[in-house]
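For reference, the structure discussed in these notes is given below.
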2 protein chains.
Amino acid sequence: MPDNPISQSGQSLLFLTDEQLRKGIEAMFFAYRGFTADPDRILADMEYGRAHHRAIHFIHRSPGTTVNNLLSILGVTKQSLNRVLRTLIEDGLVESRVGKQDKRERHLHLTEKGAQLERSLSDAQRDRMRAAYRAAGPVAVAGFRQVLEAMMDQDLRRSYDTLKDRGA
Amino acid sequence: MPDNPISQSGQSLLFLTDEQLRKGIEAMFFAYRGFTADPDRILADMEYGRAHHRAIHFIHRSPGTTVNNLLSILGVTKQSLNRVLRTLIEDGLVESRVGKQDKRERHLHLTEKGAQLERSLSDAQRDRMRAAYRAAGPVAVAGFRQVLEAMMDQDLRRSYDTLKDRGA
DNA sequence: GAGGATAAGTCAGCCTTGTTGACATTCCAA
DNA sequence: TTGGAATGTCAACAAGGCTGACTTATCCTC
């Protein structure tokens with residue numbers, strides 16, 4: 001029975017059919033649009049974009065993080081990040097402090113103004129996430145997290161876990 | 001007990017804390033990077049990008065779809081889509097056929113060459129999705145889909161359901 | 001049949017955000 | 001003291017979004 005999606009052990013593998021996988025792929029595509037929609041709307045009114053949101057999020061998450069650390073989390077070139085950081089610093093949302101041990105490093109912090117924007121962005125994003133979590137329930141949420149974690153590249157998984165542990 | 005994340009009904013709502021929501025947000029961010037990584041690698045060697053991938057995916061998914069329909073699914077302007085479609089048609093990956101009932105419409109189909117690229121892209125993406133699904137198991141996968149569907153905007157949810165039903 | 005609505009395509013120009021490459025500065029460590 | 005690491009900057013470029021204006025062809029309705 002070569003077409004029967006049942007494993008040798010007798011466990012159903014229907015969730016691994018190409019059709020199911022394609023549905024998962026499309027779900028990721030459409031859901032990610034929703035995921036970014038609310039912050040994008042807020043940022044569209046300002047002179048900022050999604051790249052600024054990401055920088056602000058992770059600076060808020062890890063105050064005092066270095067540029068290099070941020071670079072590896074965001075996965076962009078230092079030139080791209082620098083352009084974003086420069087505008088955030090110029091506009092007084094982010095503060096760059098020379099390192100004490102290592103003066104080559106710059107430690108990044110949100111100013112009060114930056115923290116305000118961070119709050120309005122993450123409030124909007126959390127509201128949607130909360131509604132989705134509430135609609136789906138705790139069991140679904142656990143599964144959601146499991147699948148997403150299994151989908152990450154190894155190095156990103158490490159970044160994710162580091163961030164995860166720190167706040168736990 | 002204002003700080004106790006337990007609902008009045010007695011059911012635990014620990015999964016709705018800001019901390020849990022933030023973890024979900026970061027999981028989406030990192031997982032989406034993995035989600036697009038494999039097709040991106042394939043496309044980087046060619047003159048195409050993620051926008052071409054999306055067009056190819058949905059033309060494959062709904063052969064004969066019109067430009068307007070594709071537009072609403074992808075959520076971009078016709079100018080953006082047109083730029084992508086033009087190159088795909090010029091390169092012989094997509095065929096544009098004048099509508100029979102309504103001659104204003106163009107119905108889009110993948111050529112054999114286009115179908116080949118679609119296969120190599122979706123194979124790569126499915127491989128990762130399959131590994132994630134397998135690692136997480138069927139219960140987690142059901143939850144994953146539930147949360148993603150609850151995260152979509154209403155109009156995208158409708159597009160998603162339409163695509164979902166057609167293939168089922 | 002005329003006129004408005006619709007589908008598609010195109011041109012021009014702009015923005016964000018990514019890329020490479022080259023180069024300067026600063027500072028730590030061998 | 002010298003090499004390498006971390007940071008920053010400049011220039012140039014590309015993908016892929018966007019708006020606005022416009023044309024062409026077709027359809028539908030009055």
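Throughout, a chain's letter reflects where its sequence line sits, starting with A, and its residues are numbered from 1.
Between B:Asn82 and C:dA8 there is no side-chain polar atom (N or O) within less than 4.0 angstrom of OP1 or OP2. Taking 4.0 angstrom as the limit, B:Asn68 places none of its side-chain polar atoms (N or O) nearer than this to OP1 or OP2 of C:dT6.
Ionic pairing of B:Arg22 and B:Glu19 is present here: one or more N-O contacts between side-chain nitrogen and carboxylate oxygen are shorter than 4.0 angstrom.
Not counting sequence neighbours, the partners of B:Phe29 by the ring-ring contact (aromatic ring centres under 6.0 Å, His included) test are A:Phe58. Partners of B:Arg104 according to the side chain to side chain donor-acceptor pair (under 3.5 Å) rule, which considers only residues two or more places apart in sequence or in another chain, are B:Asp102. Residues passing the side-chain contact (heavy atoms from CB on, under 4.5 Å) test with A:Val94 are A:Ile59, A:Leu88, A:Ile89, A:Leu108, A:Leu110, sequence neighbours excluded. The side-chain contact (heavy atoms from CB on, under 4.5 Å) test applied to B:Ala124 returns B:Asp38, B:Ile42, not counting sequence neighbours. A:His52 is linked by a ring-ring contact (aromatic ring centres under 6.0 Å, His included) to A:Tyr48, counting only residues two or more places apart in sequence or in another chain.
Counting heavy atoms of neighbouring residues, nucleotides and ligands inside a 6.0 Å radius, atom CD of A:Glu112 exceeds 12 of them.
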Name the pairs: protein N/O against N/O of nucleotides 16-18 of chain C, kept only if under 3.5 Å.
residue, atom, partner, partner atom, Å
C:dT17, OP1, A:Arg50, N, 2.6
C:dT17, OP1, A:Ala51, N, 3.1
C:dT17, OP2, A:His52, ND1, 3.1
C:dG18, OP1, A:Arg54, NH2, 2.5
C:dG18, N7, A:Arg83, NH2, 2.3
C:dG18, O6, A:Arg83, NH1, 3.2

Nucleotide N/O of nucleotides 24-30 of chain D paired with protein N/O under 3.5 Å:
residue, atom, partner, partner atom, Å
D:dT26, O2, B:Arg104, NH1, 3.4
D:dC27, OP1, B:Gln101, O, 3.2
D:dC27, OP1, B:Lys103, N, 2.9

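One atom, CG of B:Leu74, and another, C1' of D:dC18, lie 15 Å apart when rounded to the nearest Å. Between the NZ atom of A:Lys78 and the P atom of C:dA22 there is a distance of 13 Å, given to the nearest Å. Per the geometry, CZ belonging to B:Arg97 stands 15 Å off P belonging to C:dA8, to the nearest Å. Atom CG in A:Asn69 sits roughly 14 Å away from atom C1' in D:dT7 (whole-Å rounding). When rounded to the nearest whole Å, the span between CG of A:Leu71 and C1' of D:dA6 equals 11 Å. The distance between atom CD1 of B:Ile89 and atom C1' of C:dA8, rounded to the nearest whole Å, is 11 Å. In this entry the distance linking CG of B:Leu108 with P of C:dA7 reads 14 Å, nearest Å. Nucleotide C:dG9 holds its P atom 12 Å from the CD atom of B:Glu90, rounded to whole Å.
Each salt bridge (charged side-chain N to carboxylate O under 4.0 Å, His left out) pair with one or both residues in residues 136-148 of chain B, not counting sequence neighbours, appears once here: B:Arg145-B:Glu149. Contacts classified as salt bridge (charged side-chain N to carboxylate O under 4.0 Å, His left out) and involving residues 69-96 of chain A (residues at least two apart or in different chains) are given here: A:Glu95-A:Arg97.
No hydrogens or angles were tested; on distance alone, a donor-acceptor pair under 3.5 Å links the side chain of B:Gln79 to the base of D:dG20.
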